[in-house]
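Take a look at this one; I'll ask things after.
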Amino acid sequence: MYSEKVMDHFTNPRNVGSIEDADAIGEVGNPVCGDIIKLYLKIKDDVIEDIKFKTFGCGAAIATSSMVTELVKGKTLDEALRISNQTVAEALDGLPPVKMHCSNLAADALHKAIKQYRNEEFVEEDHHHCEHKNFCHKEFNIELDEAN
Amino acid sequence: MYSEKVMDHFTNPRNVGSIEDADAIGEVGNPVCGDIIKLYLKIKDDVIEDIKFKTFGCGAAIATSSMVTELVKGKTLDEALRISNQTVAEALDGLPPVKMHCSNLAADALHKAIKQYRNEEFVEEDHHHCEHKNFCHKEFNIELDEAN
Amino acid sequence: MNKIYLDHAATTPVAEEVFEAMKPYLKEHYGNPSSVYSTGREAAQAVSEARGKVARSIGADEREIYFTSGGTEADNTVLKGIALALQEKGKHIITSRIEHPAVLESCRQLEKYLGFEITYLDVDKQGFVDPDDVKKAIRDDTILVSIMMANNEIGTIEPIKEISRIVKERGIYMHTDAVQAAGQIPIDVEELGVDMLSISSHKIYGPKGVGALYARKGVRFAPLLTGGAQERNRRAGTENVAGIVGFGEAMRIACENLEEKADYLRRLRDKLIDGIEENIDEVILNGPRDERRLPNNVHFCFRYIEGESILLNLDMLGIAASSGSACSSGSLDPSHVLLAIGHPHEIAHGSLRLSLGKDNTEEEINYVIEVLPGIIKKTRSMSPLYEG
Amino acid sequence: MNKIYLDHAATTPVAEEVFEAMKPYLKEHYGNPSSVYSTGREAAQAVSEARGKVARSIGADEREIYFTSGGTEADNTVLKGIALALQEKGKHIITSRIEHPAVLESCRQLEKYLGFEITYLDVDKQGFVDPDDVKKAIRDDTILVSIMMANNEIGTIEPIKEISRIVKERGIYMHTDAVQAAGQIPIDVEELGVDMLSISSHKIYGPKGVGALYARKGVRFAPLLTGGAQERNRRAGTENVAGIVGFGEAMRIACENLEEKADYLRRLRDKLIDGIEENIDEVILNGPRDERRLPNNVHFCFRYIEGESILLNLDMLGIAASSGSACSSGSLDPSHVLLAIGHPHEIAHGSLRLSLGKDNTEEEINYVIEVLPGIIKKTRSMSPLYEG
Ligand SMILES: Cc1ncc(COP(=O)(O)O)c(C=O)c1O
Ligand SMILES: Cc1ncc(COP(=O)(O)O)c(C=O)c1O
């Protein structure tokens, strides 16, 4: 189900933990959804000097968190903003379809942290609110909803 | 599916054929139903001296025809009238449930022949008319009809 | 006594390769394909490979294949699933009088419980549905046309491509029951133009109790079996993994050199047909005689006698055959197919289907041609209808 | 690395004796049970013997057993079949919030397509349905009550006998899904007083893709699969002969020395429960702790973490387990059962089911108790919810 890269990042997650005096923190997801990702960033001269994560969630959530920290460490904030959930998934050699939308939100957490740091507004994409917990299901395979 | 006795009578049917100068002929069934039994009787002093059959039908129809001829040869007409379809089926060590009603009509043919010989009226039982060709099915397992 | 099996349209033995492919999934790889851990993933992988094999055999995409418990379930899913999903759009379905009971009885339920109207199209003497009749029968509230690809009793191959064209022009769903066609003649869903198609494993040297429904991407239907999320939410229930693996392998093998194998069967078939016609009087070949007949189907009516006696006599000589369709042998009514092609009851009762398979030999055919006339003669000599 | 299989509630390996019993019906005895000739009769005989075994295992008559493609089909047949057959009488059904999706999703279809009203009864913290609640929910138009015999996630054994008594007093049909109970605790349909009961083969060391519906003589239901006359006109489709034979044998074996085998499992189960509670903080055992828990079920919630991570970590150590039910693992929603017993979402997400089987050993249990605390610790250390 998961690629080798996913399993590698799940088994040996990079940059787990928190940063006490973080310059920015980005948290997305919620317990209803089953996924919460919290990123801690240390930023100097617009460069991400250090980054750590804590994640409550499935293998995909943990692996994407780990991967995003690896992808952005040492990058400028502008470079980091160009990283999307899609980028992360690709860097992991893909995610199972069912996990693609619901557990792939590490980049969102990153963007949220950076925008807060810059005092911009962060508009969370609808599907991460997860009030409607069937969302992923739906978007993903519209026919399914018809089916039942 | 069939007992050994049935298979024996099917394979080596006794008294197949017709009698040219028969004293009585009894025919029941019809092609819609898939079973026709025709019995030819030679009667002397109220005793069945000879009996032959011709049957269009399944294994059960042929075996019951054969069995009934064997059961009544040499019997008086009154004795013969005491033979029922049930008697015939028992003499064959039973018939498969599905065949019990539709293909077990040799005794009816016998009764019909005797009654005609005696100029009595023969009232064919309803289920041998087979205008309603689902009859056997129905009587047999009432729940089935509900089922569909 | 050597057994001669001539009832391949009823069911087929499991091919040795198929059995070998199944075995690991009955034994060591017993995981549930829905599970996260490795034994489960192995099973999921095997199901996915089988899906690919089935898909490729009929020119479909993997995501258009839904495994079922057989042809009956596939047919039921189509009829009832489309009916439920589209009942707001219309309550009229068109089918033929010679469909398999899995289709016909589903139609009866729709009439009885959901207020549907069903048009049962007539067929001609050889069992063909006329595409023009389909055209005429279509109404504004027609939501589905279901016509079988090949008939299981008399082997008639229906003009599905022509029918599909008409049906699709009107934007209506087209289904075909290809249970008898699979493995006998090429199937390509694109070429046929159908939206849904049913197949069964046990007719093509796969195990019993498994089959597939092809449903074109985007086709709406309510699942017949609801529950878990298996088969992409379209067919719940823990997957019959070993059965599915066997089915996939059977399908792959069936479509290998299909034409060559079909030619072999056609040769045996024609020999058998000729042999029977030459050696027995008053016989009627049912179904067409040309390339529109299934390669493995021989079906006759023998006047004046009833089919079961023929079967029992053949069985005593080690020859397994059928009077028409297996599923109706518990029934006493004559075949609805034979009545539909115009036979009176007494002729319809006297039918024999000999359906050939890959392991049948010319010798076996010769033996049947040798013994059958005697059986017919003996049975006729007992018949009150025969004045021979 | 030795594999430790602790997901018997998801599926079980096929027992060696069961495989041996099936083999001949995949190979030499391939006939269609509906056929007249001898290969067909052998198959019919085998199906009939299997029917007897299943019937005897639950105290039923042979004629009350209908083979299906699994537990899902059995459940679907009950819900939809009773609904169709009795809709004139009433359109209200009572079930519980913790039923298997095969029941719940069937109910959803009845709501959506046939205008039924369904009462989903609440359960208490241990997952019990209160018979009094059933009594209160019954209405004049109630036609069916369906409550599972044992829950597949948390192992709660429901008071079916008490519920049946209430339901039958009101002349309403009573169904129980006994898929998880079969082979674990004794089942006697007379004692339970149910009208219908579902079982599945692959949970009791039989093959996947086969199951049975018990329906008391006289119970009216519309068949879900219509077509041929198989299963006495109640379930069409060529019989999965090998599967049925395997299922019959599995059922027979499962009910041999059932109490002894259950005691063995209970001992392992309690050891595992105690071991986890002693070695890991902030865990919640779900389901009851007494004789009303399935002998093979262990089910915990681990606070602050999500279940899949636990499963993946266990898998890497060769331990196969599940977070709840196999069929929902494609889904991202937390278990409806855990929500129903009152857990908030974040706790419901952190579940682990370890379901034991006859071949599990005390050593294996010890190993799990040894490694699980480390896994939980590591996973918690990554959790933003954990302030350990
Ligand atoms: C044309 C046709 N449709 C459907 C079926 C039913 O398939 P299954 O036996 O797999 O239920 C059969 C065979 O029995 C068939 O010949
Ligand atoms: C309680 C319960 N009911 C029904 C089912 C469905 O049975 P099957 O997997 O045979 O479709 C299961 C298992 O999946 C179950 O645990």
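First the proteins, then the strands, lettered A, B, ... as listed; each starts at 1. Owing to the predicted nature of the structure, the values given are computational and were not obtained by experimental measurement.
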Reported CD1-to-CD distance for the pair Ile36(B) and Glu306(C), which is rounded to 0.5 angstrom: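 Between atom CD1 of Ile36(B) and atom CD of Glu306(C) there are 10.5 Å.
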Are the side chains of Glu27(B) and Pro384(C) in touch, meaning some heavy atoms are under 4.5 Å apart?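 Counting from C-beta outward, Glu27(B) and Pro384(C) never come under 4.5 Å.
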Side chain from CB out, backbone as N, CA, C, O: work out which of these in Ala61(B) comes under 4.5 Å of a heavy atom of chain C, or both, or neither.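 The answer is neither part of Ala61(B).
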Which heavy atom in Pro31(B) sits nearest to a heavy atom in Glu346(C), and how many Å separate them?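 In this case the closest contact between Pro31(B) and Glu346(C) is CB-CB, 3.3 Å.
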Shortest non-hydrogen contact from Lys378(C) to Thr11(B)?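 In terms of heavy atoms, the two residues are closest at NZ-O, 3.1 Å.
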Please round to the nearest 0.5 Å and tell me the distance separating atom CD1 of Ile305(C) and atom OG1 of Thr55(B).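 Ile305(C) CD1 to Thr55(B) OG1: 13.5 Å, rounded to 0.5 Å.
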Under 4.5 Å from any heavy atom of chain B - which part of Leu312(C):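 Answer is both: backbone and side chain atoms of Leu312(C) are under 4.5 Å from chain B.
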Tabulate, in ascending numerical order, the residues of residues 73-84 of chain B having at least one heavy atom closer than 4.5 Å to a heavy atom of chain C, or enter 'none'.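 Within residues 73-84 of chain B, no residue comes under 4.5 Å from chain C.
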If every non-hydrogen atom of Ala60(B) is compared with every non-hydrogen atom of Glu308(C), which pair is closest and at what distance?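 It is N-OE1, 4.3 Å.
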Show the nearest heavy-atom pair for residues Tyr304(C) and Phe56(B), with the distance to one decimal.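 Heavy-atom minimum between the residues: O-CD1, 3.1 Å.
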Taking all heavy atoms of Ser381(C) and all of Val16(B), pick out the closest pair and write down the distance.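 Closest pair (atom of Ser381(C), atom of Val16(B), distance): O-CG1, 4.2 Å.
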Over all atoms of both residues, closest heavy-atom pair of Ser309(C) and Gly57(B):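 Closest pair (atom of Ser309(C), atom of Gly57(B), distance): OG-O, 2.9 Å.
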